[in-house]
Every structure is written in C-alpha cells, then in structure tokens.
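Presented below is the structure to which this report refers.
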Amino acid sequence: MTFQFGPDYVRAIAPYQAGKPISEVAREFGLDETKIVKLASNENPLGMPESAKQAMIAALSEIGRYPDANGFELKRAISAKYDVQQDWITLGNGSNDILELAAHAFVQPGHSVVFAQYSFAVYPLATQAVGGRAIEVPARDYGHDLQAMAEAITADTRLVFVANPNNPTGTFVPAAEIEAFLAKVPPQVVVVLDEAYNEYLAPEQQYDSIDWVRRYPNLLVSRTLSKAYGLAGLRVGFGIAQPVVTDLLNRIRQPFNVNSMAQAAAIAALNDSDFLARSAQLNRDGYCQLTAAFDALGLEYVPSSGNFVLVRVGDDDGAGARVNLALLKEGVIVRPVGAYGLPQWLRVSIGLPEENAAFIAALKKVLS
Ligand SMILES: *Cc1c(COP(=O)(O)O)cnc(C)c1O
C-alpha cells in the first residue's frame, strides 16, 4: 500500500491489556475452569448484588425498547445519593467512558494531558486517541506527586487525570492535598478526579469531593459501579461536574451509551447500602489476610486503599512475568504490571477468603 490508514497518533497506540479470562487460562494450561481463581481485574468477589439481579429480571421484558437516553431514573438515584442536581451528572458506559468523553471534549492535537507515572492505563490511551501529548509526572512512593503535577501543567495543558485511590498501586492522597492541588490548577484546565475505588476508603480517609465540584467549575469527579457495586460486566459509571463541563460531555456522549439493564441494576445497587457495607468489610479482611502472608514471606507491598495490592515478587525485571506464568500454571490469575513500568511487581485483587488462601498457597509454592 502507498498510504497508511489513520493518523500517526492512532497507529502509535498500544492496546489496553485486560486481565485474562478464566476460560482462556483453562484452555491454554489444560486446567479445570471451576478450580481457577481470578484475582486480576479488581472485581467484587461477591459478584453482583441480589437487588441488582432482581432489577434486571424486572427490566428484561422491556429490552425490545431503546433505553432512556437521558437515564432519568438513574440520574435521580445518583442525585439523591450524592446531593447534586441532575444536570450535573453524565452517565457513562463504565467510568472508562467518562474518562474518554473528557479527553474528547477538552483535548485536541497540540494540547497536553498531565497524569502520574504508575497510574491508570486508560489515561495515556484516552490522551493518544485524541492526539494529545502525555505529560507523565514521576510518582512519589508509587503514588501521585500532586505538587509536581501542578508544576508540570503548561500553557497547552487542558486536562489532568488524578486517580484516588490509584490503580495499580493502591496509593491514596489525603483530602487536604487534593484541595491544595485544586487551588493551584489554572481554571482553564479540567481535573478529572477518578474515584473508582472510593467506596473502599476507611472512614478516616473519606472526604466530600462533591463539595469541591460545587467550588471548582473545572473539576469532574468520576465514579463507577464496576468495583464495590459488583456490576463490572454491565458497564456503568458516571461523572459529576458543573453544567459548563457536563453539558459538553453530554453533547459528545452516544445517546444510548448506558443500556437499560445496566440502568435498572445500577439504581438497585446504588440503594443497596447493605451490599456495599458487606463488600467493604470483606475487602478489609482480605487485605489483612494478603498482607499478613506477604509479611510472612518477606515480600514488599505498597499499602493499598483499594480492593487490590501491589506486591514485589522479585528483584530482577523478569520477576513479575515469571511468577505470573508460574501462578497461571497453578490456576491463579493475577495481573502482571510490566506494561506500567513495574516489572518486578504483581497486582493482586482481593478475593473471597478461600480465593486469597488459594493464591497465597500458590505463591508460596512458586517462590520456594
Ligand atoms: C477500574 C477503573 C476504572 C473504570 O472502570 P469502569 O469499569 O470503566 O467503570 C476507572 N479508573 C480506575 C482507576 C480503575 O481502576
């Protein structure tokens, strides 16, 4: 061919690497699917809430019709829960959709986007997809260095991504530091505060980011139903921002980006505080179980505020991939993070007690 399809910046994109599905690992390693433990994608080990399942069954009979393009009932549930007006809410096909909408709405070729080293893989992808230039700011202790990120903003910067807690490291930035950061960011730069793991925060870590949205017209908070709410397969997330930002996101959003089953399930899950409390408690217990094992094995880990832990499984740059492969052969799927620049580490999602135990047993075997 004498030409190439697409712009250079699209051809330069390295595709997102998702966690391996259980069926694929079973096929590849000749294992029994039912014995495989998947701790690779930060899913809720309890699965979906029963309330969401019932809501979906009830919604099934209407599946021949288009969903509500404005998601009125779901926005009403979000509005009540977070005390924001409905015109401050953008619904997304997962919060991944919100992150991409922000890049599409605010960034064009020639603009730059600031995010941290070792932060969520979607930030560089969303930046590149619109021809933006990534400014990756070195991490401090595996987390966001917000002072350095504020200083990295240039005249052409239009967007900053901050994940709190961060994935894949689990690090947390206290509220006071984020507030100080918001006060420093120029008003024409939109800050996306990605709170995918917010529901797992300890009581003393919790803060009111919606109050910041009221004060900062350039702040977009993103939330997801994929993690603590147990609905990863349905793809629902939402953004909260003042109408100046929300209006733009909704102009470029696909009219039916959140399907009707997802809308119904999300409303039920948002109102299911028992399920959320159980999920958070299970996560705290699992965190203790995993980190106690890492301590006993003498393995370094990054203290995590999410539903996963980043653990260092060796000192050489082949360690993560090697231990990951050995774990796969034992029927345990975790996430290698070499693509994040962390080749000595693995990210392990916190599972049910018996899943954590299976992982710990496999890890002991593999490392000995
Ligand atoms: C999982 C995750 C998301 C998005 O998940 P969705 O399923 O698209 O809602 C967003 N940000 C971070 C940091 C995540 O880890």
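Here, residue 1 is the first one in the sequence, and each next residue gets the next number. Ligands are counted one by one from 1 in listed order, and the atoms in each one are counted from 1 as well. Note that the structure is predicted; figures quoted are calculated from it, not measured.
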(Q) Strictly below 4.0 Å, N to O, side chains only: are Glu73 and Arg76 in salt-bridge contact? (A)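 Salt bridge flag = yes for Arg76 with Glu73.
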Q) Does Asp247 come within less than 4.0 Å of Arg251, counting only side-chain N to carboxylate O? A)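 A salt bridge links Asp247 with Arg251.
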Q) Exactly which residues line ligand 1, taking a heavy atom under 4.0 Å from it as the test? A) Gly94, Ser95, Asn96, Phe120, Asn167, Asp194, Ala196, Tyr197, Thr224, Ser226, Lys227, Arg235
Q | Ring geometry between Phe115 and Phe161 (parallel below 30°, tilted from 30 to 60°, perpendicular above 60°) | A | tilted
Q. Should the pair Tyr287 and Tyr301 be assigned to parallel (<30°), tilted (30 to 60°) or perpendicular (>60°) ring geometry?
A. perpendicular
Q. Got a sec: does the CG of Asp141 have more than 12 other heavy atoms crowding it under 6.0 Å?
A. no
Q: Decide if the gap between the ring center of Trp345 and the ring center of Tyr142 is smaller than 6.0 angstrom.
A: yes
